[in-house]
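Below is one structure, written out as structure tokens; comments come after it.
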Amino acid sequence: MGFGDFFKNLFGSSKEKVAEVADTVEHLVQENYEKAKEVATPIIEKAETFAEEKLEKVKEVATPIIEKVETFAHENYEKAKEVATPIIEKAETFAEETLEKVKEVATPIIEKAETFAHETLETVKEKVNSFTNDTSEDADEIRTKAEDTVKPADENAD
């Protein structure tokens, strides 16, 4: 009966330790994922703010020009078309380029954060599986040694 309790305590604590390690690993993965989101969020927000500011500047620059063009258009419609078209195209191009640059900056950061979180999760899974396998192998080895110890004791008792 003493050996039975010993093995129950021994194997029970191994399972508890595996569960504790799994909980700790899960917590670490969640923390790293949250940290990655925290790091990426301000960058994305800054990029959005930057794009909005650039768009506002484009609007500020374009508005007086457009007003002058409208006045001028009444006086000379064809000349106004020639002047306004390139300015509007440049403003649109600038706004589109700014938006594309923001996407270029934000996308790799988000992808890296997602990759980091995924890799961390995979590493943790591998470590937990390795720990579980090692613990299982240790338990099997202890069980075998205990059985080898109990058999001679039973034979001596006879």
Side-chain angles (χ1 to χ4, degrees), residues 5-144:
D5 290 338
F6 170 76
F7 287 116
K8 283 181 185 176
N9 289 336
L10 179 68
F11 295 126
S13 67
S14 294
K15 288 179 184 177
E16 290 170 9
K17 287 183 181 184
V18 169
E20 288 174 18
V21 169
D23 289 343
T24 302
V25 167
E26 182 178 352
H27 179 72
L28 289 173
V29 168
Q30 185 64 30
E31 270 184 27
N32 285 331
Y33 178 73
E34 292 300 323
K35 286 179 184 177
K37 279 177 44 179
E38 287 176 23
V39 169
T41 299
I43 294 169
I44 293 169
E45 289 172 357
K46 286 180 182 179
E48 288 173 349
T49 302
F50 176 77
E52 289 171 5
E53 289 173 357
K54 291 299 177 184
L55 184 59
E56 286 301 315
K57 286 183 180 181
V58 168
K59 287 179 182 179
E60 288 174 18
V61 169
T63 300
I65 295 170
I66 292 171
E67 289 172 1
K68 288 179 184 178
V69 169
E70 286 175 353
T71 303
F72 188 72
H74 292 291
E75 297 169 6
N76 192 336
Y77 180 73
E78 286 304 315
K79 221 174 192 183
K81 279 171 77 174
E82 292 174 16
V83 171
T85 301
I87 293 171
I88 293 171
E89 288 173 357
K90 285 181 183 178
E92 289 174 347
T93 301
F94 181 73
E96 289 172 2
E97 288 173 355
T98 301
L99 182 59
E100 286 302 314
K101 286 181 182 177
V102 167
K103 285 181 181 178
E104 287 174 18
V105 168
T107 300
I109 293 169
I110 292 169
E111 289 172 355
K112 285 181 182 178
E114 289 173 345
T115 300
F116 176 75
H118 179 71
E119 288 173 354
T120 301
L121 180 60
E122 289 304 315
T123 300
V124 167
K125 284 180 181 177
E126 289 173 10
K127 298 279 185 194
V128 168
N129 286 338
S130 175
F131 180 76
T132 303
N133 289 340
D134 290 348
T135 303
S136 177
E137 289 172 8
D138 290 345
D140 289 343
E141 186 177 319
I142 290 169
R143 184 181 300 118
T144 301

Original post:
Which atoms form the tightest heavy-atom contact between A91 and V58, and what is the distance?
Top reply: CB-CG1, 3.7 Å
Subject >> Where L55 and A95 come nearest, the two heavy atoms and their spacing >> reply: CD1-CB, 4.1 Å
**OP:** Please check if the side chain of S130 supplies one atom and the backbone of E126 the other of a donor-acceptor pair under 3.5 Å.
**Re:** no
Can you list everything that forms a side-chain hydrogen bond (donor to acceptor under 3.5 Å, both in side chains) with [X]? Sequence neighbours excluded, please.
X    : result
E114 : none
E53  : none
E100 : none

Looking at [atom1] of [X] and [atom2] of [Y], how far apart are the two atoms once the value is rounded to the nearest 0.5 Å?
X    : Y    : atom1 : atom2 : result
I109 : E104 : CD1   : CD    : 12.0 Å
E31  : L28  : CD    : CG    : 6.0 Å
H118 : L121 : NE2   : CG    : 7.0 Å
T41  : E34  : OG1   : CD    : 9.5 Å
E52  : T98  : CD    : OG1   : 12.5 Å

**OP:** Would you indicate whether the side-chain heavy atoms of K54 and F50 approach each other to under 4.5 Å?
**Re:** yes
Original post:
Side chains of E26 and Q30: donor-acceptor distance under 3.5 Å anywhere?
Top reply: no
